[in-house]
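In what follows, every chain begins at residue 1, and chains take the letters A, B, ... in the order their sequences are listed.
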Number of protein chains: 4
Amino acid sequence: MKRNKPKYHQIIDAAVVAIAENGYHQAQVAKIAKQAGVADGTIYLYFKNKEDILISLFQEKMGSFVEKIQQVLAGKTTAAEKLLLLVENHFAMLSEDRHLAVVTQLELRQSNKELRLKINEVLKGYLQLIDDVLKEGVEKGEFKASLNLLLARQMIFGTIDETVTTWVMNEQKYDLTALAPEVGDMLLNGFSIR
Amino acid sequence: MKRNKPKYHQIIDAAVVAIAENGYHQAQVAKIAKQAGVADGTIYLYFKNKEDILISLFQEKMGSFVEKIQQVLAGKTTAAEKLLLLVENHFAMLSEDRHLAVVTQLELRQSNKELRLKINEVLKGYLQLIDDVLKEGVEKGEFKASLNLLLARQMIFGTIDETVTTWVMNEQKYDLTALAPEVGDMLLNGFSIR
Amino acid sequence: MKRNKPKYHQIIDAAVVAIAENGYHQAQVAKIAKQAGVADGTIYLYFKNKEDILISLFQEKMGSFVEKIQQVLAGKTTAAEKLLLLVENHFAMLSEDRHLAVVTQLELRQSNKELRLKINEVLKGYLQLIDDVLKEGVEKGEFKASLNLLLARQMIFGTIDETVTTWVMNEQKYDLTALAPEVGDMLLNGFSIR
Amino acid sequence: MKRNKPKYHQIIDAAVVAIAENGYHQAQVAKIAKQAGVADGTIYLYFKNKEDILISLFQEKMGSFVEKIQQVLAGKTTAAEKLLLLVENHFAMLSEDRHLAVVTQLELRQSNKELRLKINEVLKGYLQLIDDVLKEGVEKGEFKASLNLLLARQMIFGTIDETVTTWVMNEQKYDLTALAPEVGDMLLNGFSIR
DNA sequence: AATGAATGAGATTTCATTCAT
DNA sequence: AATGAATGAAATCTCATTCAT
């Protein structure tokens, strides 16, 4: 299993740095190899092709994130609390690795449609997690019974994503994590006064 | 003024079709020219370079959209109504031109950072419009006084954008415009029961 | 006869200016037309193609130069005097029209081999004139009977040409005409002390 | 160091042949690569761009020529002898490589001004060598004390260059090297009888 | 005679991937 | 397992020339 060898992760981390520092289109395989301290050809002992590096990158980072979130949400009782924690942890994860934030929010979006479809495939685990929280909220009577779950999930993900992207485009100048409560409140209660 | 000559728009429309059908990276200038029914060189009588076609495309389409929205919102009295109309019209615009929807939601995002920065410049007019609706809602007492306007705007735009993108990725199989009321309601009132 | 219409010369003079100011490869037909104050297409009513402009340019300028030199040399009695006058007038002609100097010494040399062969054709009248002076010098006993006329002509032309080119490359900073006597003396007597 | 790898010289020699046989503008990188027996891309492992091939070509050929001449002149005692050897070796070098003669005398002159400025930079070493011979001649009393060194150098270089160019344009039909003594004599003693 | 919009051929360079060592 | 030199396909843009008006 390539996944367990040190160079596998070495190359993925090098890709994150190379892409964050040079931009998607300027992060040639040669640059990633140099950053990883291996020869160009070595890359191909661990990855099928360049696209495979990027998908693996996303899988590794997002996969461990989904696992972490699941643990965090495990003991919590209300859907509202879970939603807030989800937003908070999403923001925290990207705040902690600023290179990764640039890569996922800006650079990887420049990849072609095909790659983005595969990335969406990876995202499904995360979206499922959101779906579960929403379903639980409806079942427990916390959320409106009439809630369109698919739309609600798109609202959650769209809001989180746009918030993070804006933060990255503003060069990560402010504290992203501090925004989580406000975002959570808006998702739960909307803009209107009651 | 190039902008008033018929070939200018002819080429922009050809670009939308060529990009939607072939994908961003496979929409070579030669293909756009062929689709427009002009010679390759003719493109360069109307546009500085390929990037200029794409920026102009975005400006023309988004520019006229912002104008149209402004007219639609003009006579309306409540911020809530304006917000709903905004979502509705955004969905309607892209429902009406499915090629354009593919181009803006999927293909144009593959452009390099520089082009995307210029596109963001164009978007500012639209974001300003959203800001105005939000400000009005707060001033009139419709929306919470504590509302973080920047975050609220990101929530609106992020939700709309994610909803449209999901619809496009699902090959536009359902009626996007029909979703507007539900989206509007979620933005105004959130998920929680009252 | 095109040659007698005003636009013919207007275009040639525009070509000299356009080439001197923009360089050979940046002097597009469109620029020459603009400089001449005519439409691009008009050029082709007076010249077969772009090359034809350049050959005509050379013919007009060099043709009138050969005529002028012939008049100047007409009354003179010694070959030595004629040689000096030839150098002097060559230097003077290019000193008087600095645009023309740049064009003939630097820019026109970038033309392709074919054009340069045609330019050499035009030069033949001038080279013949040099040959005549040399022949006269030998016949009259002024110059060595053993003189290789062809080589001597190459020495004269090569020396003049290199001297002018160096002057142009030094941005015409010094008085070229003033160098004529020294050049004449070196051609007649060489470097060696007697 | 690229300069020491065999492919570096292989490509330069291929460029000489390709340019001599096809002409400057028809010697595309693809043709040079084919002539060198390498892939197009390989060229760019050894040269920054096409211009870099041409500059390097000139540097290699002229550089080794200057070195060779310096060795040849080393033991000689009179400036006159040195001058003759210089002409002789210059003629010999180009006689020995007829492709190179075509390239330096005809084809490379079509390059743009920028490239020619760089070529002139390379030429400076050679011109310096001529200057040294002239200075020595004056100091030793062989040459006139009144000699304008700059002009004399232009006469030497101009004469050699014009002689070689004429020979190349005449398709190298006669023995160029045989002309060296006559050229040397004309430079030293001029045309006039004594 | 004059215009100028339209044409379309053609070449440099990059970079993911391979494979002999 | 690791290397890195070599490969070669592919696309933007320029500009001399034409021709309908």
Side-chain angles (χ1 to χ4, degrees), chain A residues 2 5-8 11 25-34 36-54, chain B residues 2 5-8 10-11 25-34 36-53, chain C residues 2 5-7 11 25-34 36-54, chain D residues 2 5-8 10-11 22 25-34 36-53:
Chain A
K2 308 272 183 193
K5 302 203 181 168
K7 279 195 181 156
Y8 176 81
I11 291 167
H25 289 292
Q26 279 309 301
Q28 297 90 344
V29 172
K31 259 185 200 148
I32 296 174
K34 193 169 189 183
V38 302
D40 297 13
T42 305
I43 300 269
Y44 291 86
L45 299 174
Y46 294 89
F47 299 90
K48 220 169 57 239
N49 49 36
K50 188 181 181 181
E51 187 175 88
D52 190 26
I53 309 176
L54 305 175
Chain B
K2 309 268 181 198
K5 300 197 182 172
K7 278 194 183 153
Y8 176 82
Q10 194 174 325
I11 291 167
H25 288 293
Q26 278 309 300
Q28 298 91 341
V29 171
K31 262 183 197 148
I32 296 174
K34 194 169 188 182
V38 301
D40 296 15
T42 305
I43 300 269
Y44 292 88
L45 297 177
Y46 294 89
F47 300 91
K48 225 172 45 240
N49 49 37
K50 188 179 179 182
E51 187 177 86
D52 190 28
I53 308 177
Chain C
K2 309 273 185 192
K5 302 202 181 169
K7 279 192 183 159
I11 291 167
H25 289 293
Q26 279 309 300
Q28 297 90 346
V29 172
K31 259 184 199 149
I32 296 174
K34 194 169 187 183
V38 301
D40 296 13
T42 304
I43 300 267
Y44 291 86
L45 299 175
Y46 294 89
F47 299 91
K48 219 167 61 235
N49 49 36
K50 189 180 179 180
E51 188 175 89
D52 189 27
I53 308 176
L54 306 175
Chain D
K2 309 269 181 197
K5 300 197 181 174
K7 278 195 182 150
Y8 175 83
Q10 194 174 322
I11 291 167
N22 300 284
H25 288 294
Q26 278 309 300
Q28 297 91 341
V29 171
K31 263 185 196 145
I32 296 174
K34 193 169 187 183
V38 301
D40 296 14
T42 304
I43 300 268
Y44 292 86
L45 298 176
Y46 294 88
F47 300 92
K48 228 174 40 246
N49 48 38
K50 189 179 178 181
E51 185 176 88
D52 190 28
I53 308 177

Engineer: What's the closest nucleotide to the B:A39 side chain, out of E:dT17, E:dT13, E:dG8?
Structural biologist: E:dG8

Engineer: Does C:Y44 put a side-chain nitrogen or oxygen below 4.0 Å from OP1 or OP2 of E:dT3?
Structural biologist: no

Engineer: So what does B:V29 hit on the nucleic acid, given a heavy-atom distance under 4.0 Å: a base, only sugar-phosphate, or nothing?
Structural biologist: sugar-phosphate

Engineer: Dot-bracket, 5' to 3', for DNA chain F please: Watson-Crick or G-U pairs under 3.5 Å, [ ] where pairs cross earlier ones, | where the partner sits on another strand, dots elsewhere.
Structural biologist: .||||||||||||||||||||

Engineer: Where is the tightest heavy-atom contact between D:Q28 and D:Q26, given as atom of each residue plus distance?
Structural biologist: OE1-O, 2.5 Å

Engineer: Among F:dT17, F:dA11, E:dC15, which nucleotide sits nearest the side chain of A:Q28?
Structural biologist: E:dC15

Engineer: If the cut-off is 4.0 Å, is C:K7 near the phosphate of E:dA2, judged by side-chain N/O to OP1 or OP2?
Structural biologist: yes

Engineer: Which of the following nucleotides, F:dC13, E:dA1, E:dA6, is nearest to the side chain of C:L45?
Structural biologist: E:dA1

Engineer: Please find the pair of heavy atoms, one from C:A33 and one from C:D40, that lie closest to each other, and give the distance.
Structural biologist: CB-OD1, 3.6 Å

Engineer: Quick one: does any side-chain atom of D:K50 pair with a main-chain N or O of D:V29 as donor and acceptor, under 3.5 Å?
Structural biologist: no

Engineer: Measure CD1/B:I11 against P/F:dC13 and give the value in whole Å, please.
Structural biologist: 14 Å

Engineer: Taking CD1 from C:I43 and C1' from F:dA16, how many angstroms apart are they, rounded to a whole number?
Structural biologist: 11 Å

Engineer: C:I32 CD1 to F:dT17 C1': how many Å, rounded?
Structural biologist: 14 Å

Engineer: If you compare every side-chain N and O of D:K48 against the phosphate oxygens of E:dT13 (OP1, OP2), does one of them come in below 4.0 Å?
Structural biologist: no

Engineer: Taking for each residue the nucleotide of DNA chain E bearing the nearest heavy atom, is the 5' side occupied by B:T42 or by A:A30?
Structural biologist: B:T42

Engineer: Using every non-hydrogen atom in the two residues, find where C:Y44 and C:N49 come nearest and quote the distance to one decimal.
Structural biologist: CE2-CA, 3.9 Å

Engineer: Output the rounded distance in Å from CG (A:D40) to P (F:dT7).
Structural biologist: 16 Å

Engineer: Measure up the D:H25 and C:H25 rings against each other and bin them: parallel (under 30°), tilted (30 to 60°), perpendicular (over 60°).
Structural biologist: perpendicular

Engineer: Taking all heavy atoms of C:D52 and all of C:K48, pick out the closest pair and write down the distance.
Structural biologist: OD2-N, 2.9 Å

Engineer: Take D:Y46 and C:E51, find for each the nucleotide of DNA chain F with the closest heavy atom, and name the residue whose nucleotide sits nearer the 5' end.
Structural biologist: D:Y46

Engineer: Of D:G41 and B:K50, whose nearest nucleotide on DNA chain F comes first from the 5' end?
Structural biologist: D:G41

Engineer: Do you know which two heavy atoms are closest between C:I43 and C:I53, and how far apart they sit?
Structural biologist: CG2-CD1, 3.7 Å

Engineer: Please work out if A:Q26 contacts a base, only the sugar-phosphate, or nothing of the nucleic acid, heavy-atom cut-off 4.0 Å.
Structural biologist: sugar-phosphate

